[in-house]
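The structure under discussion appears below in the form of structure tokens.
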There are 2 protein chains.
Amino acid sequence: MVKPDPRVILKEHNIPITIQRVKILEYLIRTNEHPTADQIYSEISDEAILSFATIYNTLHLFTKAGIVNELHIDKDKTHYDIVRKPHDHFLCRECQKIYDIYDLPIQPFTNDTIDGHSIERAHIYFYGICRECLKKNKR
Amino acid sequence: MVKPDPRVILKEHNIPITIQRVKILEYLIRTNEHPTADQIYSEISDEAILSFATIYNTLHLFTKAGIVNELHIDKDKTHYDIVRKPHDHFLCRECQKIYDIYDLPIQPFTNDTIDGHSIERAHIYFYGICRECLKKNKR
DNA sequence: CATATCGTTGTAATTATAACAATTTCAAAA
DNA sequence: TTTTGAAATTGTTATAATTACAACGATATG
């Protein structure tokens, strides 16, 4: 899979380029995690001068632009996820890891109407025990 | 619809009865909102002596017992919802009201396996503009 | 009645996030 | 090159939700 260029993405969205934005986006692209603001900070604070305020500002900016999704799968932290293909998420209640779920049998909803409400987005969160923890528990 | 008796519910779950628990559950049963800890406090703090600590303790207890569901549809607050029929939720980005969504075309998922993960619960959150706000905006 | 357990309270601590004023950056204009 | 001004970033402070915990109180059991 070709990793997209953060600078290109920013340009496509008419967002002026700064080192901080590039670094944050770069990290979101290369990680397979669904990092919190905190994780982003500790991962890239050595690569560029940046503060927490910038992280939050930038993530809000990216969210508005549709570059990232905020996940509220986890009770007390917001996780961020770069938008590629639409997909859903699974949180393991044992190891707390978040997995991407692609290709659900259904994925309609958006641009739809339910009970008269106009639906713009839908988030589906699954909770349970992940395959890794299932394996471990068997032993 | 017959409103269930809070004391009966507590007994069924082997939870010792206290005034606070009864009052909290009573409120959850009679309200059509999806209150936050805060709302619960301000609604019933005059009916019984109770503190925030008790609200949270009780809500966690109820959640574990399966009497209520924690909703994380809203970025920075937890909303609580009494468990009756399984259903999903819609949050209006204009008026912030949460609506119950019953009878989605699909509702399988639980006790299922996806990508090898064992699914125990699924939460579906819809976001958009509710029918009331749609009406208002038309005028 | 004595005592052990459980529930509640009140307060203090913690954590994530937001707000804000001061400073810096940087590109365009002069 | 220098100036200028908007936008971005910083560091700090504030806020709000939630949790932790020690002390107190009620209750049930023997």
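A, B, ... follow the sequence lines: proteins, then strands. Residue 1 opens every chain. What you are looking at is a predicted structure, and each value in this text was computed from that prediction instead of being measured.
- Both B:L10 and B:L50 belong to a common hydrophobic cluster when Ile, Leu, Val, Met, Phe, Trp and Tyr are linked at side-chain heavy-atom distances under 4.5 angstrom.
- The aromatic rings of A:H34 and A:H89 sit perpendicular to each other, their planes meeting at more than 60°, with 30° as the lower class boundary.
- The CG atom of B:L59 sits 15 Å away from the C1' atom of C:dG7 (whole-angstrom rounding).
- Which of C:dT9, C:dA16, D:dG11 sits closest to the side chain of B:A53 comes down to C:dT9.
- Taking atom CD1 of A:I55 as the reference point, atom P of C:dT15 lies 18 Å away to the nearest angstrom.
- Ranking D:dA8, C:dT8, C:dT17 by closeness to the A:A37 side chain, first place goes to C:dT17.
- Contacts between residues 70-82 of chain B and DNA chain D, defined by a heavy-atom separation below 4.0 Å, involve B:D76, B:K77, B:T78, listed by number.
- Residue B:T18 is in sugar-phosphate contact alone, with no base atom involved, counting any heavy-atom pair closer than 4.0 Å across all strands shown.
- The shortest distance between the side-chain N/O atoms of B:H60 and the OP1/OP2 oxygens of D:dT18 is not below 4.0 Å.
- Put simply, CD1 on A:I17 is 17 Å from C1' on D:dT9, counting in whole angstrom units.
- For A:Y56, no side-chain nitrogen or oxygen approaches OP1 or OP2 of C:dA18 to under 4.0 Å.
- As a whole-Å value, the separation of B:I19 CD1 from C:dT8 C1' is 10 Å.
- Within the 4.0 Å cut-off from OP1 or OP2 of C:dT25, not a single side-chain nitrogen or oxygen of A:Q20 is found.
- One interatomic measurement links the two molecules: CZ of B:R21 to C1' of D:dA26, which rounds to 12 Å at whole-angstrom precision.
- Between A:E47 and A:I19, every side-chain heavy-atom pair lies at or beyond the 4.5 Å cut-off.
- Between B:N57 atom CG and D:dA17 atom P the separation is 18 Å, expressed in whole Å.
- No path of Ile, Leu, Val, Met, Phe, Trp and Tyr side chains, each step under 4.5 Å between heavy atoms, connects B:Y102 with B:L71, placing them in separate hydrophobic clusters.
- Distance, A:I49 CD1 to C:dT24 C1': 11 Å, rounded to whole Å.
- In this structure, the side chain of A:S42 engages the main chain of A:Q39 through a donor-acceptor pair within 3.5 Å.
- If you measure from atom CZ of A:F52 to atom C1' of D:dT15, you get 17 Å, rounded to the nearest angstrom.
- In this structure, A:R121 forms a cation-pi arrangement with B:Y127, its terminal cationic atom sitting closer than 6.0 Å to the ring centre and no more than 45° off the ring axis.
- The aromatic ring centres of B:Y125 and A:H123 sit 6.0 Å or more apart.
- The shortest distance between the side-chain N/O atoms of A:T54 and the OP1/OP2 oxygens of D:dT9 is not below 4.0 Å.
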